[in-house]
Amino acid sequence: MADLELYPASRVNDVAARVRAEGLDALLLTPGADLRYVTGYDAKQLERLTCLVIPSAQPAFLVVPRLELAAAQASPASGLGLELIPWEETEDPYALIAGRLGPVASTGLADQMWALMVLKMRDALPGAKQVLASAALRDLRIRKSAAEIEALREAGAAIDRVHAQVPGWLRAGRTERQVGALIAESILAEGHVQVDFVIVASGPNAASPHHEVSDRVLQAGDAVVVDIGGMMPSGYRSDCTRTYAIGTPPEDFLAYYQVLRDAQEAAFAAVRPGIPAQDIDAAARQPITAAGYGPAFIHRTGHGIGLESHEDPYIVAGNAEPLAPGMAFSIEPGIYPGANGARIEDIVVCTEDGVVRLNNGPRDLVIVDA
Ligand code: ZN
Ligand code: ZN
Ligand code: ZN
């Protein structure tokens, strides 16, 4: 059954094997997605050092501030048989790690380690070459296990339930911010433990892909891009966009929305193992370019998702990496002519012989009464 666990106890050893294969002497993981991936521990990001050390040639150990020891013991990390090493306020945890490791020539640092810690690690381990931990972790994290895909499926279903309520909240006279507040509440009510982002982009704001919310009042004839996501108790993320219209949108909008709908479908249909990531981007771009909206599709087609909202693989021109079973990523083409805009986004998973979607709400334009 171990392979059905989200955070299997065997993972520390799998990572240690990758550390050796990459020729690194140790991996140093501070709080964030890398640490959580290896241990399940959702540790707080603090100026006080928490660090999982995975040496190539000795057992892994977890260094924690004394006042975080109880939290570490209560976390999934305590079930992994790791030595927990608390440090007191007057101690230097960097020197403690250096003393334990002995001489090292190279370390892999969590990709999102704070510069504060990177530089202190460099001082404590002078001469050790510092590389990104993703050198060792990327191949593991990029292909999701059955349990991880199940966690992403639960996240997708939760955000679909939020989108199902959005048409009831969109009406002329409300502000983007008011609708955004209702959505944020619902993201938590539907099972997430954290709201990652809420984009309610109406009218001309819809032409700005990362607009969040504003005090703009929704009006009849608006297209509204709603892109929302959060973190589930599992640590895995949701991310889904639907575009809605309030009353009758402009003719040209209806025309390019259909182009976008076709583009998102074409990209989805192109996913299978072995196909380069950039080909999915090309599949989405082709119908949009053919319809004359190429310059209005101003971002990549998608990004990987898991313990982070944006991670490898990126679905973008120039990324020739072949897709493989277990890769989870977004397909989110958009068209942003200026007066308005539209995007459709689903999370999908590459399977042994094709693809499945983890978001299943309607993709045809939903028009609500003004
Ligand atoms: Zn985005
Ligand atoms: Zn999104
Ligand atoms: Zn996205």
Side-chain angles (χ1 to χ4, degrees), residues 33 141-142 144 148-149 151-166 170 176 179-180 183-184 186-187 190 192 194-202 205-213 223-232 235-244 257 260-261 263-265 267-268 271 277-278 280-281 283-285 288 297-317 319 323 327-336 341-350 355-363 366:
R141 282 188 54 190
I142 202 170
K144 270 65 183 175
E148 289 181 280
I149 291 166
L152 285 168
R153 189 187 305 280
E154 286 171 8
I159 209 70
D160 283 356
R161 292 193 296 274
V162 179
H163 264 297
Q165 301 168 74
V166 168
L170 288 175
E176 291 175 353
V179 175
I183 290 173
S186 170
I187 288 174
E190 294 299 343
H192 299 82
Q194 178 179 301
V195 177
D196 286 334
F197 52 89
V198 175
I199 295 174
V200 180
S202 64
N205 293 338
S208 169
H210 275 177
H211 175 81
E212 294 194 324
V213 295
V224 188
V225 172
V226 177
D227 184 354
I228 53 180
M231 182 177 77
M232 298 292 282
Y236 285 76
R237 311 279 172 154
S238 65
D239 182 5
C240 181
T241 309
R242 290 293 182 264
T243 299
Y244 303 90
Y257 186 87
L260 181 66
R261 177 83 177 80
Q264 209 263 358
E265 201 63 43
F268 173 74
V271 177
Q278 64 186 357
I280 307 306
D281 183 79
R285 220 161 282 279
I288 293 174
F297 179 11
I298 57 175
H299 55 69
R300 65 190 176 212
T301 292
H303 53 83
I305 189 168
L307 288 168
E308 294 173 272
S309 304
H310 288 189
E311 58 181 50
D312 284 319
Y314 291 98
I315 310 302
V316 62
N319 183 7
L323 297 180
M327 287 185 180
F329 52 89
S330 69
I331 296 182
E332 51 177 307
I335 298 178
Y336 312 97
R343 179 163 67 257
I344 304 171
E345 174 180 25
D346 292 317
I347 303 304
V348 308
V349 179
C350 182
V355 57
V356 291
R357 291 188 203 258
L358 303 187
N359 296 108
N360 294 290
R363 285 167 212 96
V366 173

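Because the structure is predicted, anything quoted here is derived from the model rather than measured. Both counts, for ligands and for their atoms, begin at 1 and track the order of listing.
- Between Tyr336 and His299, the distance separating the two ring centers is shorter than 6.0 angstrom.
- For Arg300 and Tyr314, the positive end is not near the middle of the six-membered ring at less than 6.0 Å and at most 45° from its axis.
- A salt bridge does not link Arg363 to Glu265: none of the charged side-chain nitrogens sits closer than 4.0 Å to a carboxylate oxygen.
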Test side chain to side chain contact (heavy atoms under 4.5 Å, CB included) applied to His192 and Ile228, step by step: CA-CA 12 Å; His192 299 82; Ile228 53 180; over 6 Å; no
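- Rounding to the nearest 10°, we obtain 80° for the angle at the Zn ion (ligand 3) between His303 NE2 and Glu332 OE2.
- Within Asp239, the N, O or S atom at minimum distance from the Zn ion (ligand 3) carries the name OD2.
- For the pair OE1 of Glu345 and OD1 of Asp227, the angle at the Zn ion (ligand 2) is about 100°; rounding is to 10 degrees.
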